[in-house]
Amino acid sequence: MNKLRIQYDASRFEPAENDLIGRALTFAVNSHGDQKRASGGPFVSHPIAVAEIVAEWGLDSEAIAAALLHDVVEDTEVTLEQIEKEFGVKVAELVSGVTKLRLSSSPRPALDSARLDLNNENLRRLLLATTKDFRVILLKLADRLHNTRTLGALEKEKRTRIAWESLQVYAPLADRLGMGQLKGELEDISFENAQPEEFANLKAQVEEVTRNSAGYLEGLKRAIVRHMKTAGIEVIKIEARQKHYYSIYKKLVKTQGNIDKIYDLVAVRIIVPDVAACYQTLGILHQNYKPLIYRIKDYIAVPKPNGYQSLHTTVFGEAGRISEIQIRTPQMHEEAEFGFAAHYLYDEHKATAAYAKRGAATTPKLKWVTELASMQQAALNGQEFLEGAKLELFGDRIFVFSPKGDLYELPEGATSLDFAFAVHSDLGLKALGAKVNGRLLPLDTPLENRDVVDIIKRREPAPSRDWLNMVVTSHAKSRIRSWFKAASRDVNVASGRSAIETELQTWGIKRIEDVPKRTMADALDGLHLRSPEDLYAQVGEGTLGLISVVRKLVPEVPKPKNVEVVQYVAPTGRVLVEGSHLPHTLAVCCNPVYPQPLLGYVTRGKGVTVHALDCRNIPTDVERYTSCRWETAEGSELLACRLSVEGRRRIGLMMDIAGTVARQSLNMGNIVSTLDVDTQISRIEFTVEVPDLFTLSALRHTLERLNSVERVRRID
Ligand code: MN
């Protein structure tokens, strides 16, 4: 048996942890026995190398042990149960998470990541396992990195397949995790193996350019250090770094460009102690070298979606040669290179101030994990989950701002409605419109990078099923869906309750609680319902008519208090129907007589059937209700009541309100109209003279059905 060792920094760990790692090593060595790799070396050298990679990334002892054991279940007789017995449930779960993941992809896919074939069960499993324990994806990436490093030993076909898979799936994942170094290495080795000719060609071109500029860059670096010294700013490190080959290749393909026009082929990177020094450095550079204005990027104030932070500027350097310069702190540097792994350290780091400070920067990276988890909970089907994951992980991202300047990251193509849901589910559900950069635009407007979006909301949630077609994020989709699911009870109770209360106000009762208990109990008895909530729910879902319910809660119409009696008129015995061109008949079921309050029901082809307002046979389809009342002649008593109508601002709203009142032969006056500029909600208050409260109630319902009106209530 070979003497196989693992090299890692054991001083980081407790004795028990080192013991776990040691036992896992022995177990792996014994299990894999004399299995060989394609290179001819012992197989166990692979899990050992993977374990060393995750140790280097700073992962914990469980992850290192799992890395050592990650191929044992797949390639030997050992079962997961044995692993669990020997090393505990956590290690077993990690091993199981990595074991299941066998990704496959088409052999020669497009470069374009949007055309990735991700519709496979294995990727879905990887993502699901990742939502449960994030170490799974890091283990898988370490496994992939080592397999990529040792690609050379494989036959051509297998090598090409693995290389393409890394380019399509694993490098983008590493990028999403902000692991720049890993992404660069995976991409460059895979590029060389997947497209050997293009790689060789590009490499020759790049070497040509960089050979010519090596001396120049040395001079530029020295000059910059001099300028910094004069200004008294410490330079921790300055280096000229060549961009990764695959990034250059992608850029050339994308821009169909010339390699001479890629200014960041070799970038100068300056590392300074803190953020203030970063900005000072930018100032010093611009004082000495003219910048290309459009290429100044402040990724400190506005980080890239994967959390990357730095200042970038492209300047006419010494002798006017154009160069990109990147400025960052050591911490930003560490994050750019190691990304998520840099955060995913053990508890002692979490206690430090540096870690707490980094917490904010970590959020955008972790967000998509939360997102995946919530997508999973929303029970989207497999296809939807993958679509969503694809968008979250591999899609292009945009940044938009709230009016307060808070930054939100969304996939390209996201709409104002997606934004509203990203800010808060409640805001999404109440969204009414959006101001994008100060302009009022519909909710389905696709947003652009750096838009400032201000959501205008209504009082109550009112999503519609069309919204599912107006959003692209799975977050918004799942929220809208679950609203409709949960809506059934809770929302119906709330909306039913609110409708009843508003109607009660018409009758001079301020709150539902003011209805005497006895009256409520009688009403529930009569309707065979158990609780007030059942009553609200049935009104909310439209099973029970609002008016018949309220008539049970207000059996005796209270003598109106504080209401001005304006004049007295006598009844004529005739019925006035709103929109009086319709023929009307008195309903035979209830045969209403004066002064019974009335409600009209429009029957297609038959005109209006006039029922007594409390008739149980009135169908519940409120859309067909129309108000009617007994005509009165001069001399009746009229009550002056004040109504408030709130609705989305639109041309003709006031005219429609006035027309509705006039068609019922009612007088209105003392009109006050105000507009809330923020919400674009008009509020129109007026006094109307009605013969009785039934008429007022009917008028209120008619007004509520006007286009864009959201709420009508009596306010005195
Ligand atoms: Mn492996």
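Order of appearance sets the numbers: ligands from 1, and atoms from 1 within every ligand.
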* Could you grab the protein N, O or S atoms closer than 2.8 Å to the Mn ion (ligand 1) for me? => His46 NE2, His70 NE2, Asp71 OD2, Asp143 OD1
* Asked: Going by the angle between their ring planes, with limits at 30° and 60°, are His32 and Phe43 parallel, tilted or perpendicular?
  -> tilted
* State whether Glu218 and Lys221 are salt-bridged, where the test is any N-O pair (Lys NZ or Arg NE/NH1/NH2 against Asp/Glu carboxylate O) under 4.0 Å. => yes
* **Residues Glu335, Arg328: salt bridge by 4.0 Å N-O rule** => no
* Short N-O contact, Arg149 and Glu185, less than 4.0 angstrom -> yes
* **4.5 Å side-chain heavy-atom contact, Leu252 and Leu202** => yes
* Test item: Tyr408 and Phe399 side chains (from C-beta on) under 4.5 Å apart, heavy atoms -> no
